[in-house]
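Let me begin by presenting the structure, written as structure tokens, before commenting on it.
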Amino acid sequence: MKKVEYNEMQDPLSQYHEGGYPKQHQDPPGVQEHMNPKPDCGEESYIGHNRLEDRKALVTGGDFGIGRAAAIAYAREGADVAINYLPSEQEDAEEVAELIWAEGRKAILIPGDLKDEEFCKEMVKKPTRS
């Protein structure tokens, strides 16, 4: 996939994966690194414009799918990003942190299960660190 400049015209018919997808299975929660083809959550295609410069964001599920795309976009828009994820998804979370750091922003990794009410309360109280 070609990286698109901000004002460059884009043809949506050729911008995304057009081929078939091989049959694949992962027990939930899945790990993005094991998907084929590996989805682009903005790693290759999203260009930020510092619209959130020096802001802070907390993204739950920030290691995978829409949460991953949001975390990448926030960093490319200039925000420091804390991401929450299940401990079993550490590999994907570390990959997102690397992308955030590459944008010159802080990345905070917060493993834990959102089904645990006490964890959620502590997550939002915890002082940030990178």
Do I108 and L114 sit in the same hydrophobic cluster, where Ile, Leu, Val, Met, Phe, Trp and Tyr count as joined when their side-chain heavy atoms come under 4.5 Å apart? yes

Less than 3.5 Å apart, any donor N or O on the side chain of E94 or Y85 sitting next to an acceptor on the other? no

Does atom CD of Q26 have more than 12 heavy-atom neighbours from other groups under 6.0 Å away? yes

Can you tell me if E77 uses its side chain to pair, donor with acceptor, with the backbone of R51 under 3.5 Å? yes

Drop me the distance from M123's CE to L58's CG, to the nearest 0.5 angstrom. 5.0 Å

Tell me, with the steps shown, if I100 and I72 meet side-chain contact (heavy atoms from CB on, under 4.5 Å). CA-CA 6 Å; I100 294 168; I72 292 167; 5.8 Å; no

Give a yes or no answer on whether the side chain of N84 reaches the backbone of G112 with a donor-acceptor pair at less than 3.5 Å. yes

Is it true that, when you exclude Y74 itself, more than 12 heavy atoms of the residues, nucleotides or ligands shown sit nearer than 6.0 Å to its OH? no

For D54, all residues meeting salt bridge (charged side-chain N to carboxylate O under 4.0 Å, His left out), sequence neighbours excluded: R105

Measure across A71 and G62 and return the closest heavy-atom pair with its distance rounded to 0.1 Å. CB-O, 4.1 Å

Work out which heavy atom in R68 is nearest to a heavy atom in D63; give both atom names and the distance. NH1-O, 3.2 Å

Are I83 and L109 side-chain neighbours, meaning at least one heavy-atom pair lies under 4.5 Å? yes

Minimal heavy-atom distance between D27 and H25, with the atoms involved, is OD1-NE2, 3.0 Å

Hydrophobic clustering (ILVMFWY, side-chain heavy atoms < 4.5 Å, transitive) - are L99 and L52 grouped together? no

Would you check, one step at a time, whether the test side-chain contact (heavy atoms from CB on, under 4.5 Å) holds for I110 with F119? CA-CA 10 Å; I110 308 172; F119 166 75; 3.8 Å; yes

